[in-house]
Amino acid sequence: MEEIFNSLNLVSAELKASMVDSQITFKTASKYAYIGGFNGTSNVLAGKMYGIPLKGTHAHSFVMSYTSINELNIRTLKNSKTGETVDFVERCLKYQKELSELLGVLQSECSSSEFAAFIAYAISFPDAFLALVDTYDVIRSGLLNFSAIALALNELGYRPIGIRIDSGDLAYQSSVAYDSFCKIGDKYSLDWFRELTIVA
């Protein structure tokens with residue numbers, strides 16, 4: 001029994017050492033990529049240590065950490081032009097309802113956890129809203145939720161960046177996303193909506 005315990009400690013120590021080595025490697029890679037011309041990093045430690053601007057999206061686990069908008073502690077956002085504080089959640093819900101028909105998606109099919117997470121993320125980063133839309137279903141949930149929040153941000157004077165898709169048929173889903181953004185841009189007379197970034 002003592003041999004098993006000792007071998008587990010050895011494995012644990014090796015794992016910790018490799019994790020430290022990995023952090024050093026990623027941190028160093030981020031540093032040299034930035035020196036070489038990259039404009040940011042998703043590595044928070046490298047950003048903190050070297051003053052590199054942080055870029056990227058939230059994690060899938062962030063989306064899954066919510067269950068509904070009832071969990072949102074902060075529900076308001078200031079209008080970037082007037083400074084007026086408004087109920088951001090209500091605006092997002094309004095656009096989600098309007099867009100569900102346009103995109104041919106039932107509002108009830110959309111993930112409520114994803115919607116809540118996107119709202120929380122947008123409130124925290126209204127000038128850098130880039131959402132990971134494939135935690136559940138890009139076409140039946142992610143695009144509608146992102147687009148509703150993007151329109152609400154726009155109404156308050158913010159410009160969302162776009163979406164990230166990192167699983168499934170990237171080409172097909174990106175094409176559907178672009179088509180959806182074009183429809184929304186046409187409906188709301190927002191030419192910039194068709195130019196939203198799609199990272200796949």
Side-chain angles (χ1 to χ4, degrees), residues 38-44 46-48 51-100 102-103 107 110-136 138 141-166 177-178 180-200:
F38 282 67
N39 65 358
T41 181
S42 62
N43 185 304
V44 176
K48 184 176 181 177
I52 303 170
L54 294 174
K55 306 281 184 178
T57 60
H58 50 80
H60 289 289
S61 59
F62 178 74
V63 172
M64 294 184 293
S65 71
Y66 287 85
T67 57
S68 75
I69 58 174
N70 296 331
E71 294 177 37
L72 295 171
N73 293 325
I74 301 171
R75 301 174 63 88
T76 59
L77 185 61
K78 283 188 177 184
N79 185 307
S80 71
K81 295 175 184 167
T82 67
E84 175 192 6
T85 300
V86 299
D87 186 333
F88 186 64
V89 175
E90 286 304 316
R91 280 182 166 67
C92 293
L93 285 166
K94 176 188 93 163
Y95 284 116
Q96 188 190 51
K97 184 177 181 181
E98 287 178 17
L99 291 174
S100 66
L102 178 68
L103 299 180
Q107 209 174 353
C110 287
S111 167
S112 59
S113 69
E114 180 181 68
F115 190 57
F118 286 3
I119 291 171
Y121 192 73
I123 288 171
S124 297
F125 302 102
D127 290 313
F129 184 54
L130 179 68
L132 178 59
V133 296
D134 66 346
T135 301
Y136 299 109
V138 172
S141 184
L143 290 175
L144 175 60
N145 285 335
F146 165 80
S147 298
I149 294 160
L151 288 173
L153 283 171
N154 177 69
E155 188 179 321
L156 300 179
Y158 301 99
R159 183 67 55 91
I161 294 173
I163 62 169
R164 187 178 112 217
I165 305 168
D166 65 10
Y178 178 72
S180 298
F181 294 163
C182 289
K183 283 181 191 175
I184 294 165
D186 290 345
K187 177 177 173 69
Y188 292 95
S189 300
L190 298 171
D191 292 335
W192 62 264
F193 215 91
R194 62 178 56 235
E195 296 169 11
L196 285 165
T197 300
I198 301 170
V199 180

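Values below: all heavy atoms of this structure, side chains included; hydrogens, waters and symmetry mates excluded.
Nearest heavy-atom pair, Ala177 versus Ile198, reported as atom, atom and distance to 0.1 Å: CB-CD1, 4.0 Å. Between Ile163 and Val133, the closest heavy-atom pair is CG2-CG1, 3.6 Å. The two residues Phe193 and Leu151 come nearest to each other via the heavy atoms CE1-CD2, 3.8 Å. Shortest non-hydrogen contact noted between Ile123 and Leu77 is O-CD1, 3.9 Å. The shortest non-hydrogen separation linking Leu72 to Ala116 is CD2-O, 3.4 Å. Contact between Met64 and Tyr136 at its shortest, heavy atoms only, is CG-OH, 3.3 Å.
Counting only heavy atoms from C-beta outward, the side chains of Leu156 and Pro126 never approach each other to under 4.5 Å. Counting only heavy atoms from C-beta outward, the side chains of Phe181 and Leu143 approach each other to under 4.5 Å. Phe88 is not listed as a side-chain neighbour of Lys78, based on a closest heavy-atom distance of 4.5 Å or more. Taking 4.5 Å as the limit, every side-chain heavy atom of Tyr66 sits out of range of all side-chain heavy atoms of Ser111. Looking at Arg75 and Ile119, their side chains never come closer than 4.5 Å, going by heavy atoms from C-beta outward. In this structure, Gln96 and Asn145 have side chains that are in contact, with non-hydrogen atoms separated by less than 4.5 Å.
Each of Leu103, Ile149, Leu102 was evaluated against Leu144; a single residue qualifies, Leu103, per the side-chain contact (heavy atoms from CB on, under 4.5 Å) test. Exactly one residue among Tyr121, Phe129, Phe118 makes a ring-ring contact (aromatic ring centres under 6.0 Å, His included) with Phe146. That residue is Phe129.
One distance of note links CZ of Arg159 with CG of Asp127; it measures 11.0 Å at 0.5 Å rounding. Once rounded to the nearest 0.5 Å, the distance linking CD1 of Ile74 with OG of Ser124 reads 6.5 Å. The line from CG of Leu93 to CD of Gln107 is 7.0 Å long, rounded to the nearest 0.5 Å. The CZ atom of Arg164 sits 7.5 Å away from atom CG of Asp134, with the distance rounded to the nearest 0.5 Å. A distance of 9.5 Å separates CD of Glu195 from SG of Cys182, quoted to the nearest 0.5 Å. Here the CD-CD1 distance, from Glu98 to Ile184, works out to 11.0 Å after rounding to the nearest 0.5 Å.
No hydrogens or angles considered: a donor-acceptor pair under 3.5 Å links the side chains of Glu114 and Ser141.
With a 6.0 Å radius and a threshold of 12 heavy atoms from other residues, nucleotides or ligands, Lys97 has its NZ atom at or below the threshold.
His58 places a side-chain N or O within 3.5 Å of a backbone atom of Leu132 that can act as its donor or acceptor partner. Within the 3.5 Å criterion, the main-chain N or O of Glu84 finds no donor-acceptor partner in the side chain of Asn79. Side chain of Ser80 to backbone of Gly157: a donor-acceptor contact under 3.5 angstrom is found.
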| query | Does the side-chain contact (heavy atoms from CB on, under 4.5 Å) test come out yes or no for Tyr95 and Leu153, once each step is laid out? | reply | CA-CA 11 Å; Tyr95 284 116; Leu153 283 171; over 6 Å; no

